[in-house]
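Presented below is the structure to which this report refers.
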Amino acid sequence: MMRTHDVLIVGGGLVGASLAIALDGLPLDVALVEATPPGDLPAVFDQRNLSLAAASVNALDALGVMGQLRAPTGPIRRIHVSRAGDFGSVRLEAADYGRDAFGQVVVARDFGEALEGRLAQLPRLTRYRPARFVGLDGDDAHARGVRLATADGELALQARLLVAADGTRSALREALGTSSRTHDYGQTLFVARMRGERAPDGTAWERFTDSGPTALLPRGDRAWGVIHGVPSGQAAAVAALDEAGWLARIQQSFGWRAGRFLGAGERSAYPVASVVADALVAPRAVLLGNAAQTIHPVGAQGFNLGLRDALTLAEGLRMHAGDPGAASLLQQYAQRRREDRDRTLAFSDGLARMTANPSPLLRPLRSLGLLAADRAGWLQSWLVGGAMGFRGDVPELCR
């Protein structure tokens with residue numbers, strides 16, 4: 001007889017794994033479809049730096065994930081934002097809001113190992129790995145048919161609720177027929193670990209230029225996590241720079257606010273494009289994380305938004321004792337996510353476009369905006385609330 005799961009999560013990355021952990025303890029048969037075999041981590045768990053908002057840290061601590069981290073995290077105690085060629089800057093201090101930090105910086109690989117450690121503690125979770133989604137089968141009113149490609153051949157399953165957490169190029173989103181909108185920002189982001197003459201002091205720096213952002217994040221290993229945006233046409237040349245050339249480029253782009261840069265680790269490059277699904281739900285299916293919306297990484301909102309997707313769904317399933325794929329439950333989920341999603345998408349896209357626009361007509365407007373954000377208490381509070389993940393209908397675990 002074909003096996004039926006209450007919840008089948010396609011994608012074992014950041015959001016999919018977090019959802020599986022959040023569903024632990026509920027009276028549900030949960031399964032996770034992962035592309036990598038046991039012992040391997042998904043490619044997303046590399047050396048890039050994750051900026052976890054305070055709301056995300058609260059939730060991941062409650063879920064037992066933060067306690068699995070073996071490497072130290074880097075607290076973000078202040079944020080400094082500026083733009084080359086514009087006057088003014090925004091300075092935010094966590095202490096001004098009665099907090100020790102706005103969030104924590106975690107290396108993606110360390111976080112992946114922590115998630116894996118927590119997943120290994122869930123004896124009721126079924127894990128299909130290595131496996132990948134290959135298609136939908138005929139479904140009835142009570143479940144959706146799913147086909148997986150596994151090492152032993154094709155496997156047919158049924159799911160009362162099917163969760164697409166398989167990333168930007170979501171095969172499940174395509175199979176569901178959910179349309180999406182794509183925008184290429186014409187930028188490539190380079191990510192690296194860098195060592196400076198001064199260790200991080202808890203400041204997260206964001207410096208905008210015509211060609212994209214340069215951010216310095218305070219890692220827990222006394223190094224900086226650097227994110228440097230360049231026009232895509234220059235990506236090959238930047239990738240070819242030797243260490244001295246790379247250090248000189250970052251120093252020129254960022255200035256001397258953090259002192260002299262002395263060394264750099266391996267660089268990784270990521271083209272930047274947004275992909276936004278036109279709907280979050282379909283019959284007995286829901287889209288989460290990058291499968292639902294892949295956004296510009298400016299402001300470090302992407303994973304935090306996806307985690308709130310997962311936590312909101314888990315909260316809805318906890319409160320709804322009946323059918324996990326009920327249309328009413330999924331519509332309620334989509335409604336709860338609307339404000340947070342819309343506001344985060346608008347903030348991320350608007351900031352990316354405005355700060356990279358070289359038009360001299362925008363410079364005075366941007367400068368006035370920086371000055372206002374630095375001096376207006378209500379505007380700072382709005383920015384801080386968003387940066388910490390307290391936007392819209394916040395899941396209970398985040399509070």
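When reading the values below, keep in mind they use all heavy atoms of this one structure, side chains included, and skip hydrogens, waters and symmetry mates.
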Seminar exercise, completed: The side-chain contact (heavy atoms from CB on, under 4.5 Å) partners of S268 (sequence neighbours excluded) come to Y270

Exercise. Charged N to carboxylate O under 4.0 angstrom, D110 versus R70?
Worked result: no

Exercise. How long is the span from the SG atom in C398 to the CG atom in D61, to the nearest 0.5 Å?
Worked result: 12.0 Å

Problem set entry | S274 OG to L345 CG distance, which is reported to the nearest 0.5 Å | 8.5 Å

Exercise. Between W224 and A258, which heavy-atom pair has the shortest distance, and what is it?
Worked result: CZ2-CB, 3.8 Å

Exercise. Are more than 12 heavy atoms from other residues, nucleotides or ligands located less than 6.0 Å from atom CD of E197?
Worked result: yes

Exercise. Does any donor atom in the side chain of D24 or Q121 lie under 3.5 Å from an acceptor atom in the other side chain?
Worked result: no

For this session: Apply side chain to side chain contact (heavy atoms under 4.5 Å, CB included) to L330 and L161, showing your working.
Result: CA-CA 10 Å; L330 297 183; L161 175 61; 3.8 Å; yes

For this session: Look at the side-chain heavy atoms of Ile, Leu, Val, Met, Phe, Trp and Tyr, link any pair under 4.5 Å apart, and say whether L311 and L287 land in one connected group.
Result: no

Exercise. Side-chain contact, heavy-atom cut-off 4.5 Å: P37 with R129?
Worked result: no

Exercise. Does any N or O in the side chain of E174 come within less than 3.5 Å of the main-chain N or O of T178, such that one atom is a donor and the other an acceptor?
Worked result: no

Problem set entry | Residues D323, R284: salt bridge by 4.0 Å N-O rule | yes

Exercise. With a 4.5 Å limit on heavy-atom distance, are the side chains of W205 and T214 in contact?
Worked result: no

Exercise. For G289, does its backbone N or O pair with a side-chain atom of D309 as donor and acceptor, under 3.5 Å?
Worked result: yes

Problem set entry | Shared hydrophobic cluster for L32 and L19 (ILVMFWY, side-chain gaps under 4.5 Å) | yes

Exercise. Any chance CD of E154 has more than 12 other-residue heavy atoms, nucleotides or ligands included, within less than 6.0 Å?
Worked result: yes

Exercise. Is it true that atom CZ of R249 has more than 12 heavy atoms of other residues, nucleotides or ligands lying nearer than 6.0 Å?
Worked result: yes

Exercise. How many angstroms lie between CD1 in I21 and CG in L115, if you round to the nearest 0.5 Å?
Worked result: 5.0 Å

Exercise. Below 4.5 Å, heavy atoms only, C-beta onward: do H296 and S348 meet side chain to side chain?
Worked result: yes

For this session: Report the C-alpha separation of V105 and I76 in whole Å, then their side-chain angles, then the decisive distance to 0.1 Å, and conclude whether the side chain to side chain contact (heavy atoms under 4.5 Å, CB included) test is met.
Result: CA-CA 7 Å; V105 177; I76 300 174; 3.7 Å; yes

Seminar exercise, completed: Partner of L172 under side chain to side chain contact (heavy atoms under 4.5 Å, CB included), picked from V33, L136, V163, is L136

For this session: Would you name the heavy atoms of I9 and A165 that are closest together and state the gap between them?
Result: CG2-CB, 4.2 Å

Exercise. Ion pair present between R127 and E116, side-chain N to carboxylate O less than 4.0 angstrom?
Worked result: yes

Exercise. Quick check: are there more than 12 heavy atoms from other residues, nucleotides or ligands sitting under 6.0 Å from CD of E113?
Worked result: yes

Exercise. Would you say Q335 has more than 12 foreign heavy atoms packed within less than 6.0 Å of its CD?
Worked result: no

Seminar exercise, completed: Note: N304 and S51 closest approach over all heavy atoms is ND2-O, 2.9 Å

For this session: Check the pair D340, L305 against side chain to side chain contact (heavy atoms under 4.5 Å, CB included), reporting the backbone distance first and the verdict last.
Result: CA-CA 8 Å; D340 184 13; L305 181 64; 3.8 Å; yes

Exercise. Side chain of R144, backbone of P283: donor and acceptor closer than 3.5 Å?
Worked result: yes

Exercise. Less than 4.5 Å apart, any side-chain heavy atom of L317 and any of L329?
Worked result: yes

Problem set entry | Cluster check L119, V10: I/L/V/M/F/W/Y, side chain < 4.5 angstrom | no

Exercise. Of all heavy-atom pairs between A101 and P75, which one has the smallest distance, and what is that distance?
Worked result: CB-CB, 4.1 Å

For this session: Identify whether V30 and F133 are in the same connected component of the hydrophobic contact network (ILVMFWY, side-chain heavy atoms under 4.5 Å).
Result: no

Exercise. Among side-chain atoms of D152 and T150, is any donor-acceptor pair under 3.5 angstrom?
Worked result: no

Exercise. Which pair of heavy atoms, one from A62 and one from L397, lies closest together, and at what distance?
Worked result: CB-CD2, 3.8 Å

Exercise. Under the side chain to side chain contact (heavy atoms under 4.5 Å, CB included) criterion, do F303 and L52 qualify, and how do the steps go?
Worked result: CA-CA 8 Å; F303 167 63; L52 302 180; 3.5 Å; yes

Exercise. Do Q301 and R391 come close enough that some side-chain heavy atom pair is under 4.5 Å?
Worked result: yes

Exercise. Just checking, any donor-acceptor pair under 3.5 angstrom between side chains of Q293 and R337?
Worked result: no

Exercise. Rounded to the nearest 0.5 Å, how far apart are OG1 of T203 and CZ of R198?
Worked result: 10.0 Å

Problem set entry | Test item: T4 side-chain N/O and A159 main-chain N/O as donor-acceptor pair under 3.5 Å | no

Exercise. Any chance CZ of R267 has more than 12 other-residue heavy atoms, nucleotides or ligands included, within less than 6.0 Å?
Worked result: yes

Problem set entry | Check: H320 ring centre within less than 6.0 Å of Y333 ring centre | no

Exercise. With no hydrogens and no angle check, is any side-chain donor or acceptor of R341 less than 3.5 Å from a backbone partner on A292?
Worked result: yes

For this session: Would you mind reporting whether R78 and R91 have side-chain heavy atoms less than 4.5 Å apart?
Result: no

Problem set entry | Hphob cluster co-occupancy, L69 + L307, side-chain heavy atoms under 4.5 angstrom | yes

Exercise. Roughly how far, to the nearest 0.5 Å, is CE of M194 from CD of E243?
Worked result: 8.0 Å

Exercise. Of the non-hydrogen atoms in L41 and G112, which two are nearest, and what is the gap between them?
Worked result: CD2-O, 3.8 Å

Exercise. Side chains of H142 and R160: closer than 4.5 Å at any heavy-atom pair?
Worked result: no

Exercise. Under 3.5 Å, is there a donor-acceptor pair between the side chain of E315 and the main chain of E396?
Worked result: yes

For this session: Look only at the side chain of T73 and the backbone of V106, and say whether a donor-acceptor pair between them is shorter than 3.5 Å.
Result: no

Exercise. So, is the end of the R257 side chain (NZ or CZ) under 6.0 Å from the ring centre of F254 and within 45° of the ring's axis?
Worked result: yes

Problem set entry | Other residues, nucleotides, ligands: >12 heavy atoms within 6.0 Å of R343 CZ | yes

Problem set entry | Within-4.5 Å side-chain heavy-atom neighbours: Q47 and E266 | no

Exercise. So, R399 side chain and N58 main chain: donor-acceptor pair closer than 3.5 Å or not?
Worked result: no

Problem set entry | Donor-acceptor contact below 3.5 Å, side chain R173 vs main chain D166 | no

For this session: Determine yes or no for a side-chain-to-main-chain donor-acceptor pair under 3.5 angstrom, with T312 supplying the side chain and P395 the backbone.
Result: no

Exercise. What is the distance from atom CZ of F111 to atom OG of S18, rounded to the nearest 0.5 Å?
Worked result: 5.0 Å

